[in-house]
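In what follows, every chain begins at residue 1, and chains take the letters A, B, ... in the order their sequences are listed. What's counted below: heavy atoms across the whole structure, side chains too, no hydrogens, waters or symmetry copies.
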Amino acid sequence: MTSNLPIAGCLIPYLIQAKEDTSANAKVIFSPDDINRLGSVIVQIKQQKEKSQPPNTKYFETILSDSKHLYQAVMMQQFPTFSIIKISQFQVQKSKGYILNATCEQLNVGQSLIGSPVLINFEALDSKAKQPQPTPQPHTKPVLSLPKSQSNNNNNNNRQDPSAALVDPGLANRDVMPISQLSSSTTDFCIEAIVRSKGPVRTWSKATSSGSLMSFELSDANGEIKATAFNEQQRQFENLLEVGKVYRFSGGHVKPIDPKFNKLAHPCELSFGTQTRVLLMENSNVKISYEFRRISDISELTAGTKIDVVGVIIDSQDIASVNIKNRSEPTPKKTLSILDDSNTSITVTFWGRAAQKLHSETKKNDVIVIKSAQVSDFNQKSLNCGDGTVFEVEPTDIPEASNLKMWYEKNSSVIEQGVSSLSLQSGMKTGSTLSTISNLRRVTINDLVDQKQKGNFANQTPQKALFLKINCYISRIRSTSNDKLVGYYNSCSKCKKSRTTEEYCEHCQDHQLPVKQYKMFMRIQDQDDSASAEILGETVGHKLFGMKADEFFAKSSAEQDDITAEQLSRMFTCTVKVSEYSGNIRYNIITAEPTDYAALAREEDYELVVSRLVVQNLLS
DNA sequence: CCCCCCCC
C-alpha cells in the first residue's frame with residue numbers, strides 16, 4: 001500500500017547519482033528498476049507555470065516538493081496545485097539537477113503545501129555530506145553505497161551555517177553612507193538600512209540561464225533601494241535577513257535599474273554577491289522613511305509608479321478571493337477606500353499575503369499609512385499593494401498620520417459631500433452618489449452610438465478599456481434573425497476555465513461536472529436608443545436574471561422568455577466596458593444593479609451629466 | 001543573472 005504523502009528527501013539520491021555521473025551525457029535516465037533500487041519518488045506539486053515553445057510545444061515549469069526540499073522540473077503534464085504524484089521514471093539534467101520527462105501518476109490532491117520546503121541546493125549535494133534528513137529513511141540508504149568519486153577539498157566548514165560567513169562584525173566601525181548616494185560608479189560602500197520587504201523566492205529557467213532569486217527592499221532615513229540575491233546568495237540571505245530589522249551592508253554590485261521592472265525612485269539597484277557582508281544593528285534608530293503623496297496628485301501619476309500614502313479608511317470591503325489569469329490558485333484580495341485632506345479618495349487593493357495581514361487590522365475611520373503602493377489604471381485610478389508594500393494601521397509615531405486623524409475628526413461631518421474619488425467604485429457600498437457623478441462617467445446609449453460612429457472609441461484596446469455607467473433595460477436576448485439563444489459556456493467548477501469535455505478539465509484535471517456560465521449577447525435599451533452588449537460570467541447574469549446560468553438554461557425557452565420579461569422590464573444601472581478589438585467596438589456589461597430612482601433624482605445635474613460633453617471629456 | 005505585480 002502506497003502512502004499518499006510526499007517522501008522527504010526522496011529525490012536526493014537521484015540528484016547525487018546524476019551529479020556524480022561521469023559519462024558525457026547531459027542527462028541521467030532513471031528507469032522503474034532504478035527507482036525500485038533507490039527508493040520510491042512521491043512528491044507534491046507546488047506550482048506549475050505554463051510555457052510554450054513555438055510552433056506547438058507546451059510544457060510546464062514546475063516546482064516539486066518532497067515536504068523538505070523544492071526541486072525544479074520541466075513537465076509535459078499539468079496537475080492541480082498541491083497534487084501528490086508518484087514518479088515511475090524520469091531524467092535528471094546533470095548540470096543543474098532539473099527533473100525532466102517524468103512519468104507520473106496522480107495519487108490525490110492536497111489542500112495545501114505540506115511542510116515548509118526550501119529549494120534544494122544542488123551545488124552543495126555530495127554523497128559524503130550528511131543528508132539534511134534528520135531521520136534516515138530506508139530509501140535513502142543506497143546513497144551511502146554510491147561511489148564516492150569526486151575529490152572535493154573545500155568543505156572545511158560544511159558543518160557551519162553557510163550564512164554565518166556573511167556576517168562581518170567589522171562593519172560596526174565603518175562609515176555609513178545614505179542609500180540615496182549609491183550610484184553605479186560606487187565600488188565600495190557601507191549602508192545601514194531596514195529590510196522592509198523580502199521575497200518571495202522566485203525561480204527561473206530559460207535557454208541561457210536558470211536559478212533562484214530573492215529580492216529585498218532596503219530603506220534608510222531618506223532613500224530606498226532594491227537588492228537581489230541569486231542562487232547560493234539567495235539561500236544565504238533568505239535565512240539571514242529578517243523583515244523589519246536593521247543591518248549594515250557592504251560589498252555587492254550597484255547597477256542602474258531598468259525602469260521597466262524596477263519602479264522605485266532610486267536610479268540604481270544592488271546585487272548581493274559573494275563579497276557582500278552584513279551586520280545586524282540591534283539598536284539602530286533607522287526607520288522606514290515616508291514621502292507621502294497627496295491623493296489628489298495621484299491622478300497625474302502613470303501606472304506602475306510606487307508611492308507612499310496616508311489616508312483615513314472610509315470604506316472597507318470584506319476579504320475575497322479572485323481568480324487571476326495565469327494563476328492556478330485563487331488570490332486573496334481586500335479593497336479599501338482611503339481619503340486624505342485633499343478631499344480626494346482612492347481605492348486601494350491589497351493582494352495575497354498583504355490582504356490577509358490587513359484583514360485583521362483594519363476598520364473604518366482608522367488611519368492607514370502605506371509605503372510603496374503601486375499606481376494602477378484599474379477603475380480609472382487605483383492603488384495596488386502586494387509583497388513589497390509595508391503598511392501600518394493607526395501608527396502613533398508618524399506625524400502625518402496623527403495630523404490627518406485630527407483633520408478627519410474635526411471635519412468628518414462636512415467632508416462627506418465634497419469628496420471626489422479617483423476610482424470608479426464598482427462594488428463599493430458608498431452612499432455618496434455625488435462622488436460617482438464627479439467622475440463624469442454616466443452616459444446614455446445614444447452617447448455610445450454617437451461616439452462609436454465618430455471613431456472616438458478606437459483607442460480603447462482591451463487593456464485600456466473605457467468604463468462607463470448607463471441606465472438601461474434589456475429588450476431582447478434572442479437573435480432577431482432565427483430566434484436562437486446561445487447564452488452560456490461550460491466552465492470548470494474548480495479552476496473556472498472553459499471546458500470542452502464533460503468528463504474532466506484539461507486545465508486542472510478536475511473531474512466534477514462543469515458549471516454553466518453566462519456568455520450572452522443582448523440588446524440594451526434606454527429612453528432613446530439601443531445597442532448590443534455582452535455579459536460574461538456568473539455575477540452579472542445572476543443580477544440580471546435572478547438565478548445562476550445552470551438554472552436559467554435548465555428551463556424551457558418559454559420559461560426563459562417569462563423570466564426575461566419579468567426581470568428585464570426593470571431598469572438596471574450598469575457599468576459598461578467599452579473596448580476595441582480587431583476593428584470592432586464591444587460593450588461588456590460588467591456590473592448591474594437595480595436602478596435606485598431616488599438616488600438618481602437627487603443628482604441635480606443629471607441632465608448636464610448625460611450630455612454628449614461627458615464622453616468627450618472622458619476621451620480627451 | 002529575474003522582470004510576475006493581479007480584478008470589473
State plainly whether the residues A:Glu123 and A:Arg235 are in salt-bridge range, i.e. N to O under 4.0 Å.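 Here A:Glu123 pairs with A:Arg235 in a salt bridge, since their nearest N and O are under 4.0 Å apart.
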
Taking only Lys NZ, Arg NE, NH1 and NH2, and the carboxylate oxygens of Asp or Glu, determine whether A:Asp387 and A:Arg353 approach each other closer than 4.0 Å.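 So A:Asp387 pairs with A:Arg353 through a salt bridge.
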
[X] has an atom [atom1]; how far is it from atom [atom2] of [N], in whole Å?
X        : N     : atom1 : atom2 : result
A:Ile63  : B:dC2 : CD1   : P     : 16 Å
A:Lys334 : B:dC7 : NZ    : C1'   : 16 Å
A:Gln317 : B:dC7 : CD    : P     : 16 Å
A:Lys381 : B:dC7 : NZ    : P     : 17 Å

Counting side-chain heavy atoms from CB outward, which of B:dC2, B:dC7, B:dC8 is closest to A:Thr591?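 Minimum distance to the A:Thr591 side chain belongs to B:dC8.
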
Identify which one of A:Thr331, A:Thr389, A:Asn384 satisfies the side chain to side chain donor-acceptor pair (under 3.5 Å) criterion when paired with A:Trp351.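 Result for side chain to side chain donor-acceptor pair (under 3.5 Å) with A:Trp351: A:Asn384.
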
Indicate, with a heavy-atom threshold strictly under 4.0 Å, whether A:Ser376 touches base, sugar-phosphate, or nothing.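 Answer is nothing: A:Ser376 stays at 4.0 Å or more from every strand.
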
Tell me whether the ring of A:Phe378 lies stacked over the B:dC8 base, given a 5.5 Å limit on centroids and a 30° limit on the plane angle.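 Not stacked: fails the 5.5 Å / 30° test.
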
Side chain to side chain donor-acceptor pair (under 3.5 Å) partners for A:Gln44, two or more places apart: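 In terms of side chain to side chain donor-acceptor pair (under 3.5 Å), with neighbours along the sequence ignored, A:Gln44 is linked to no residue.
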
Identify all pairs in which a protein N or O lies below 3.5 Å from an N or O of nucleotides 3-5 of chain B, and state each distance.
{"residue": "B:dC5", "atom": "N4", "partner": "A:Phe261", "partner atom": "O", "Å": "3.3"}

Non-hydrogen side-chain atoms of A:Ile191 and A:Leu270 separated by less than 4.5 Å: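 SC-SC contact between A:Ile191 and A:Leu270 confirmed.
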
Side chains of A:Thr347 and A:Thr335: does their closest heavy-atom pair fall under 4.5 Å?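 A:Thr347 reaches A:Thr335 side chain to side chain.
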
